[in-house]
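Below you'll find the structure, written out as C-alpha cells, and then a few comments.
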Protein chains: 2
Amino acid sequence: MLSPSTTPVRQSSVRAHNLALVLHTVANGANHPSRAAIAAATGLTRATVSALVDDLVAGGLLVEVDPPPRTGAGRPAAGLALTSTGPAGLGCEINVDYLAACVVDLTGAVRQRFAEHADQRPADPAHALAALGRLAARARLAAEADGLIVAGAALAVPGLVGDGGLVRVAPNLGWQDVDAVAALRAVPELADLPITVDNEANLAALGELRVSGGDPAFLYVSGEVGIGAGLVIGGELYRGVRGWSGEIGHVTVYPDGRECRCGSRGCLEQYAGQEALADDVPRAAAALGIALSAVVNLLDVPVIVLGGAYAPIFAALRDGIETELRRRVLTAGLAPVTLRPAALGADAAMRGAADTIIRGVREDPAAWLRARA
Amino acid sequence: MLSPSTTPVRQSSVRAHNLALVLHTVANGANHPSRAAIAAATGLTRATVSALVDDLVAGGLLVEVDPPPRTGAGRPAAGLALTSTGPAGLGCEINVDYLAACVVDLTGAVRQRFAEHADQRPADPAHALAALGRLAARARLAAEADGLIVAGAALAVPGLVGDGGLVRVAPNLGWQDVDAVAALRAVPELADLPITVDNEANLAALGELRVSGGDPAFLYVSGEVGIGAGLVIGGELYRGVRGWSGEIGHVTVYPDGRECRCGSRGCLEQYAGQEALADDVPRAAAALGIALSAVVNLLDVPVIVLGGAYAPIFAALRDGIETELRRRVLTAGLAPVTLRPAALGADAAMRGAADTIIRGVREDPAAWLRARA
DNA sequence: TCAAATAATTCAACCACTAAACAATTTCAG
DNA sequence: CTGAAATTGTTTAGTGGTTGAATTATTTGA
C-alpha cells in the first residue's frame with residue numbers, strides 16, 4: 001500500500017516513486033549493481049528498470065561504471081553508480097566558536113570544506129551570518145568549478161527554529177528572532193538557492209544516520225555548551241509538531257536541583273552540560289542516565305548515540321549511564337539499550353545539513369529531472 | 001510524492017491509494033458528499049471518482065443516501081455515506097476489574113457492547129481470557145445478526161506486548177508471557193478472525209483520536225493503577241520500535257524518591273498512580289507536571305489529554321500540572337501546551353481497539369474488496 | 001418553455017508497468 | 001574451435017488506471 005495521504009495519485013506519481021526506488025537501490029545496495037540486479041532487488045521488471053535507469057542517466061543522477069566481478073556465464077553487466085558530478089548539497093553551521101560550510105555530493109562524499117574558528121558571541125547575528133555566507137559562497141564556487149551543481153543549502157544553528165527558518169532563540173549565541181535565511185540569501189552568490197535552517201542536534205543526528213548506515217532508530221545526544229538531541233525513527237528525523245523536539249538539556253533530572261538559565265530547576269544541562277562535565281563526570285553520567293531512561297521509557301528507542309563533547313569521553317561516561325538505564329528503564333530486562341559514541345566529530349551537524357539537500361534529490365529524483373529538463 | 005519505501009509501485013497501487021482517498025474523504029469530509037464534491041476535494045477527475053465510488057458501493061463500503069440540501073440549479077447530487085452494514089471491528093479489553101467487548105461499525109458507531117465487572121487478579125490468564133472470549137463471541141454474533149461483518153478483533157491489555165500478540169508483562173494483572181491471541185482464538189466463534197493485541201494506553205489514545213477528531217498530535221495519559229501513555233503524531237499512533245513506548249509511569253521524577261515495584265526509585269507511578277492519587281492530589285499534579293515537561297521538551301507535543309482516573313479530577317490537577325509545565329518546558333513562552341480531559345471514559349481503550357480494525361479497512365479498502373470478491 | 005447550471009457517465013487517448021520474445025555477449029563443455 | 005547454456009539488456013504487444021472532452025440527465029429560473 002501507499003502512504004495514506006490526502007493527495008491523489010496518478011501514473012506520474014508511480015514513475016516518481018519508482019525512480020526514487022531505483023536511485024535508493026543504487027545508493028544503499030551492493031557495489032555498482034546492474035539493471036538486472038536492481039530489478040531483482042526491487043521487484044520491478046528488467047524492462048521497467050531499464051527505462052527508469054535511462055531517465056536517471058539522462059538526468060545526470062546515475063552513471064555507468066565498470067561492472068562488478070563476473071560470476072559465471074552470460075552477457076556482462078553494466079554497473080551503475082551515483083554520479084559525483086551531479087547535484088550537491090551545501091551544508092553550513094554556526095556555533096559558539098565556529099563557522100563552517102561544506103559541499104557534499106550525491107554519493108555523500110565531502111567535496112569542499114571551509115571553516116573559521118572565532119568566538120561568535122560578541123558578533124551580532126548579521127555580521128556572523130555575513131561571514132558564514134562568504135564561507136558558503138567560496139565553498140559553492142569551488143564545488144561548481146568541480147562540475148557539481150549545488151541544489152540547495154541548509155544551516156545548522158544551536159537553537160530553536162520556527163517557520164521559514166526564523167531562529168526564535170539561540171541561547172548560547174545570544175540570538176533572538178533572527179531571520180537567518182534572509183541573511184544568507186543576501187549574499188549574492190547564494191541568492192538563487194533554496195535555503196533551510198534547522199536545529200544543530202537534529203542535523204547532527206541526520207549526519208550520523210548517513211555515515212552509521214545501520215540503525216534506523218536512535219537518539220543522538222549532542223553535548224555542547226547546551227545539550228540537544230535528535231531523534232531518528234524509521235530512518236527519518238522526527239522534528240516534532242513545531243520543530244522543537246529534542247530539548248533534552250532542559251529535561252528535569254533533579255526537581256529541586258540547581259537553577260538553570262532557562263528559569264527552571266534541575267535541568268540536565270546543569271549536570272551534564274560542558275561546564276558541569278568538567279567538574280564531575282560520574283554525576284554527569286548519572287544525570288544523563290536518568291534523562292535517557294525517560295526517553296527510552298517514553299519512546300522505546302533501542303540505540304543511543306553520544307556525540308559532541310560526549311564522544312571523546314564516552315568510555316568514562318558509559319558505566320554511569322548504563323547503570324541508570326538498567327535501573328530505570330522498564331523494558332531493560334526484555335531488551336537492552338545500546339549505547340555508542342558518535343562516528344562523526346565536530347562536523348556532524350554541517351554534514352547532516354548538506355545531507356538534507358542530497359536527501360531531497362534522492363527521495364524525489366523526478367523533481368530534479370523536471371527542474372533540469 | 002509517495003512515501004519512500006522499498007517496494008515497487010504499479011497501477012494497482014494507484015487504484016488502492018485512490019480508493020482509500022475517496023473513502024477517507026467521505027468519512028472525514030462534509031455530510032454526504034456527492035461524487036462531484038469528492039472530485040473537487042481530492043483533485044481527482046469526476047470520471048475517476050465515479051469509477052472508484054462504483055467499486056466501493058459494489059464492495060459494500062459506501063452507500064448512496066439522500067443528497068445534501070440543494071443550492072441553485074443543476075441535476076441533483078447523490079449523497080454518499082459509509083455503510084452501517086458492512087465491515088466492523090471487534091474491540092476487547094481486559095483490565096484489573098473489568099472485561100469488555102464491543103463492536104464498532106465502519107462509521108465509528110458502537111453497535112454492541114458487553115461488559116463484566118469482576119476482579120481479574122485472582123483468575124489465571126487462561127480463565128480470564130476465556131471469559132473475555134465468550135463476551136466477545138456474544139458481541140460478534142449479535143452484530144452479525146444485525147448485518148455487520150466483523151473483520152477482525154483487537155485486544156487492549158494493561159501491559160507490554162511483544163511480537164505476535166504475546167503479552168510479555170502485565171504487572172497489575174500479574175501476567176507474564178501470556179499468549180493472548182492463542183487464548184482468544186481458542187474460542188470457536190472467534191477462530192476465523194485476525195486478532196491483534198496492543199497496550200491499553202496506546203489504544204485509548206486511538207479511541208480518543210477518533211472521537212476528538214481535531215488534534216493530529218497529542219499525548220494521551222491514562223491514569224489507572226499504573227500510568228500509561230499513548231502518543232499520537234500526525235494522526236497516527238507511535239508505537240516505538242518494539243511497541244513498548246509510552247511507559248510514562250516509570251519515568252523518574254525524583255531520582256532518590258520512593259521505591260517502585262519495577263525496582264527503580266522515584267517513578268511517576270509512585271506519586272501519581274491511583275493509590276498515591278488518593279493521598280495527595282497536589283503532589284500528584286506536580287509529579288505529572290514534571291514528567292510531562294520532559295515529554296514536551298523531548299517531543300514538542302502541543303496537546304496533552306488526561307484520561308482514566310485523571311479525567312474526573314481534571315479540575316483539581318490542572319493548575320498543579322500547568323505550573324510545572326510553564327516552569328520546565330523550554331518553549332512554554334513560545335507556544336503554550338494545551339491540557340484537556342479525555343472525551344471517552346472507561347471504554348476508551350476498547351473503542352480504540354475496535355477502531356484499529358475499521359481503520360485497517362478504511363486505509364486499505366482495496367484489500368477488503370479483494371477479500372470479499 | 002427553454003436556457004443555464006450542475007451531476008454523473010461514456011469514450012478515446014495517454015502513460016507506466018508487465019510479460020514474453022529477442023538480441024547481445026559471455027562461459028564452458030566436448 | 002564450435003556450439004549450447006546462461007545472463008544482460010532491449011523491444012513490443014497488452015493491460016490497467018487516469019485524464020479530458022463530449023454526452024446524457026435533471027433541476028432551477030427567466
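In what follows, chains are A, B, ... by sequence order, proteins preceding strands, each numbered from 1. Values below: all heavy atoms of this structure, side chains included; hydrogens, waters and symmetry mates excluded.
Of all heavy-atom pairs spanning A/Pro8 and B/Thr42, the tightest one is CD-O, 3.0 Å. The two atoms that bring B/Thr83 and B/Gly60 nearest to each other are CG2-O, 3.1 Å, heavy atoms only. When every heavy atom of B/Pro365 is checked against every heavy atom of B/Leu61, the shortest pair comes out as CB-CD1, 3.7 Å. Scanning all heavy atoms of the two residues, the minimum distance from B/Asp146 to B/Gln112 falls at OD2-NE2, 4.2 Å. In terms of heavy atoms, A/Val181 sits closest to A/Gly164 at CG2-O, 3.8 Å. In terms of heavy atoms, A/Leu82 sits closest to A/Ala27 at CD1-CB, 3.7 Å.
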Donor-acceptor contacts, no H, no angles, side chain residues 49-58 of chain A, under 3.5 Å, sequence neighbours left out:
from    : atom 1 : to      : atom 2 : distance (Å)
A/Ser50 : OG     : A/Arg46 : O      : 3.4
A/Asp55 : OD2    : A/Arg15 : NH2    : 3.1

Identify all pairs in which a protein N or O lies below 3.5 Å from an N or O of nucleotides 1-8 of chain D, and state each distance.
from  : atom 1 : to      : atom 2 : distance (Å)
D/dA6 : N3     : A/Gly74 : N      : 3.4
D/dT7 : O2     : A/Arg75 : N      : 2.7
D/dT8 : O4'    : A/Arg75 : O      : 3.3
D/dT8 : O2     : A/Arg75 : NE     : 3.3
D/dT8 : O2     : A/Arg75 : NH1    : 2.9

Give every pair of a protein N or O atom and an N or O atom of nucleotides 19-21 of chain D that lie under 3.5 Å apart, one pair per line with the distance.
from   : atom 1 : to      : atom 2 : distance (Å)
D/dT19 : OP1    : A/Arg10 : NH1    : 2.3
D/dT19 : OP2    : B/Thr45 : N      : 3.4
D/dT19 : OP2    : B/Thr45 : OG1    : 3.2
D/dT19 : OP2    : B/Thr48 : OG1    : 2.6

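Between A/Arg239 and A/Leu231 there is no side-chain heavy-atom pair separated by less than 4.5 Å. For the pair A/Arg359/A/Leu206, a side-chain contact is recorded, criterion being any heavy-atom separation below 4.5 Å from C-beta on. For the pair B/Ile358 and B/Asp105, the minimum side-chain heavy-atom distance is 4.5 Å or more.
Dashed line: the shortest gap from a side-chain N or O of A/Ser50 to OP1 or OP2 of D/dG9 is not under 4.0 Å.
Pairs passing the side chain to side chain donor-acceptor pair (under 3.5 Å) check and including a residue from residues 25-38 of chain B, sequence neighbours excluded, read B/Arg35-B/Glu64.
If you walk DNA chain C from 5' to 3' and mark each nucleotide with an atom closer than 4.0 Å to a heavy atom of chain B, the marks span C/dA5 to C/dT18.
Within the cation-pi definition used here (under 6.0 Å to the ring centroid, within 45° of the axis), A/Arg372 qualifies as a partner of A/Trp368.
Sorted by residue number, the list of members of residues 57-66 of chain A with any non-hydrogen atom under 4.0 Å from DNA chain D is empty.
Where B/Ala51 and A/Leu19 meet DNA chain C, the nucleotide closest to each residue was compared, and B/Ala51 sits on the side nearer the 5' end.
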